[in-house]
2 protein chains.
Amino acid sequence: MGSARSGTEEVAHTGTRKRDPEAVRADILAVAEAEFAANGLSGGRIDEIAAKTRTSKRMIYYYFGDKNGLYRAVLEEAYRKVRLEEAALRLDDLEPVEALCRLAAFTFEHHRRNESFIRMVMIENVHKGTFLDQSADIAAVNRPAIERVATLLDRGKAAGVFRQEIDALTLHWLISAVSYFNVSNRHTFGRIFGDRLWTEPGQARLGTECSEIVLRYVLTDVALSDCKWSSPGAMAPE
Amino acid sequence: MGSARSGTEEVAHTGTRKRDPEAVRADILAVAEAEFAANGLSGGRIDEIAAKTRTSKRMIYYYFGDKNGLYRAVLEEAYRKVRLEEAALRLDDLEPVEALCRLAAFTFEHHRRNESFIRMVMIENVHKGTFLDQSADIAAVNRPAIERVATLLDRGKAAGVFRQEIDALTLHWLISAVSYFNVSNRHTFGRIFGDRLWTEPGQARLGTECSEIVLRYVLTDVALSDCKWSSPGAMAPE
DNA sequence: ACCGATTTGTACCAGTCCGTACATTTGCTA
DNA sequence: TAGCAAATGTACGGACTGGTACAAATCGGT
């Protein structure tokens with residue numbers, strides 16, 4: 001949504017151009033993400049998106065062809081953004097235990113701050129992943145995440161601090177599960193059992209608990225006592 | 001869907017009655033659950049539900065007033081069913097470690113087998129829990145779940161096998177998170193990283209891993225080595 | 001066997017919302 | 001500056017779908 005504006009104001013490179021297709025596309029995508037994240041695919045209204053855009057409904061169909069096409073584009077964009085941020089983490093510089101702790105804390109915090117991404121994934125799962133099928137490259141965009149976990153895991157195993165039985169995919173699954181659930185289900189869970197876990201201190205505490213959960217799962221029994229997975233501060237690049 | 005049929009066929013108690021409001025209600029609810037779970041609230045079609053019911057659309061509005069009313073009724077019913085099954089677990093007879101292991105394994109398995117319940121919760125969360133607000137008793141139906149965890153936890157703490165710092169709500173949150181995520185996100189996760197975790201052996205393995213995750217989180221460091229959380233067989237009452 | 005209340009069927013309306021036909025402007029290139 | 005392609009605005013169509021008006025059948029009680 002930042003980039004959408006820039007192209008319109010400053011005319012720069014190509015001389016005077018009032019038209020800026022890229023900005024229009026980006027604008028539509030941003031508005032559409034908000035709308036779909038808020039109301040789902042069937043619930044999201046094209047007219048509503050058009051109204052909140054600086055352009056008309058016509059453009060949506062011009063660029064994305066279809067309601068489904070627009071939705072798919074939004075989904076792809078959301079994944080791309082997220083994995084891009086994740087790639088900024090430099091885990092190789094840290095020793096395994098600290099790196100894993102940082103990864104868990106980062107993911108937890110990241111998902112918290114990107115609710116609309118989580119909601120897009122929720123909605124996509126309601127639709128049984130049909131739209132992910134149709135965009136082949138999404139898998140390619142995401143797979144590096146597993147690689148990061150795998151190398152981290154290998155380093156820890158080699159150092160003797162991580163258990164040999166741990167599987168990279170399962171570990172990634174665990175980190176994703178807690179970080180995702182924390183955002184996706186806060187409404188039902190909070191409604192039923194109270195919001196205690198979703199106050200600010202509650203979330204801070206829960207975040208460190210998640211790191212603890214992950215580490216206790218992975219660590220060799222011996223090493224369980226001596227580790228300081230306590231500082232969750234400043235892990236997001238922003 | 002089993003109970004819906006019974007009232008219609010066997011006429012039993014009240015003499016000959018062709019009319020069976022309760023059966024009609026139950027029939028509608030069962031069909032509606034399938035429809036909503038499959039397509040969401042906005043995506044679910046009242047006409048579709050009516051068509052698959054033995055009665056007409058008129059009845060839906062007669063009994064539930066509204067599309068939203070129907071949805072709310074389905075949601076309430078889903079929660080009620082689930083918590084009823086959960087109550088069948090008798091954890092007090094087991095020693096703490098085994099009881100916790102059983103609880104985790106049961107929840108994991110239970111959520112797996114009740115996909116449409118999970119999907120209803122997913123959808124409710126997409127709607128930010130608005131419908132849970134309107135039905136006051138749902139919270140009351142669910143809260144006992146926490147009580148069970150709390151007493152189990154206390155017993156373990158007293159016995160010295162569980163860490164004192166563990167919070168009941170957080171523990172329940174963890175068990176829910178992994179069990180829920182396993183069902184809710186299998187499509188996106190599987191699409192991106194492969195279905196390995198969702199083959200039959202993969203799921204069996206993942207289930208025991210979840211028990212291990214939970215136990216390692218809770219157990220006193222000392223006790224970490226000696227426990228046999230290995231038998232996941234026969235924990236569902238069915 | 002009659003009567004009011006409950007329960008059910010049919011046909012239909014009215015609003016919403018996706019998508020498009022048609023017309024127009026802008027920009028680039030020759 | 002002519003001309004073509006890319007980009008955009010407006011108005012509208014038409015199907016879908018939630019909800020209802022109207023009517024009728026059924027049932028329990030007396």
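Lettering follows sequence order; numbering is per chain, from 1. Quantities reported herein were computed from a predicted structural model and do not represent experimental measurements.
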A correct 5'-to-3' footprint of nucleotides 17-22 of chain D, with B, S and - meaning base, sugar-phosphate only and no protein heavy atom under 4.0 Å, is SBBBBB

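Taking atom CG of residue Asp27(A) and atom C1' of nucleotide dT8(D), one finds them 14 Å apart after rounding to whole Å. Whole-Å rounding puts the Tyr63(A) OH to dA6(D) P distance at 11 Å. For Arg25(A) and dA6(D), the CZ to P distance is 15 Å, given to the nearest whole Å. Between Arg54(A) atom CZ and dG9(D) atom C1' there is a gap of 16 Å when expressed in whole angstrom units. Across the protein-nucleic acid pair, Tyr62(B) atom OH and dT8(C) atom C1' stand 9 Å apart, rounded to whole Å. One can place CE of Met59(A) at 11 Å from C1' of dT25(C), the figure rounded to the nearest angstrom.
Annotation for Arg112(B): atom CZ counts as buried by contact number, over 12 foreign heavy atoms lying within 6.0 Å.
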Given the rule in the side-chain hydrogen bond (donor to acceptor under 3.5 Å, both in side chains) test, do Asn39(B) and Glu48(B) qualify, once you have shown the distances and angles that lead to the verdict? CA-CA 11 Å; Asn39(B) 301 3; Glu48(B) 192 65 20; over 6 Å; no

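Using a distance-only test at 3.5 Å, with no hydrogens or angles considered, no donor-acceptor pair links the side chain of Arg54(B) to the main chain of Val24(B). Judged by distance alone, the side chain of Glu124(B) and the main-chain N or O of Thr188(A) form no donor-acceptor pair under 3.5 Å.
At the heavy-atom level, Phe64(A) lies nowhere under 4.0 Å from the strands shown.
Glu86(A) pairs with exactly one of Arg102(A), Lys81(A), Arg148(A) by the salt bridge (charged side-chain N to carboxylate O under 4.0 Å, His left out) rule, that one being Arg148(A).
Ranking dT8(C), dA7(D), dG9(C) by closeness to the Val24(B) side chain, first place goes to dT8(C).
Taking the ring centroids of Phe117(A) and Tyr79(A), they lie under the 6.0 Å cut-off.
The shortest heavy-atom contact between Phe193(B) and Asn142(A) is CE2-O, 3.6 Å. Contact between Leu174(B) and Tyr217(B) at its shortest, heavy atoms only, is CD2-CD2, 3.8 Å.
Looking only at atom types and distance, the side chain of Glu33(A) has a donor-acceptor partner in the side chain of Ser116(A) under 3.5 Å away.
Stem analysis of DNA chain C (at least three stacked-register Watson-Crick or G-U pairs, each with both distances under 3.5 Å) gives C:1-30 with D:1-30.
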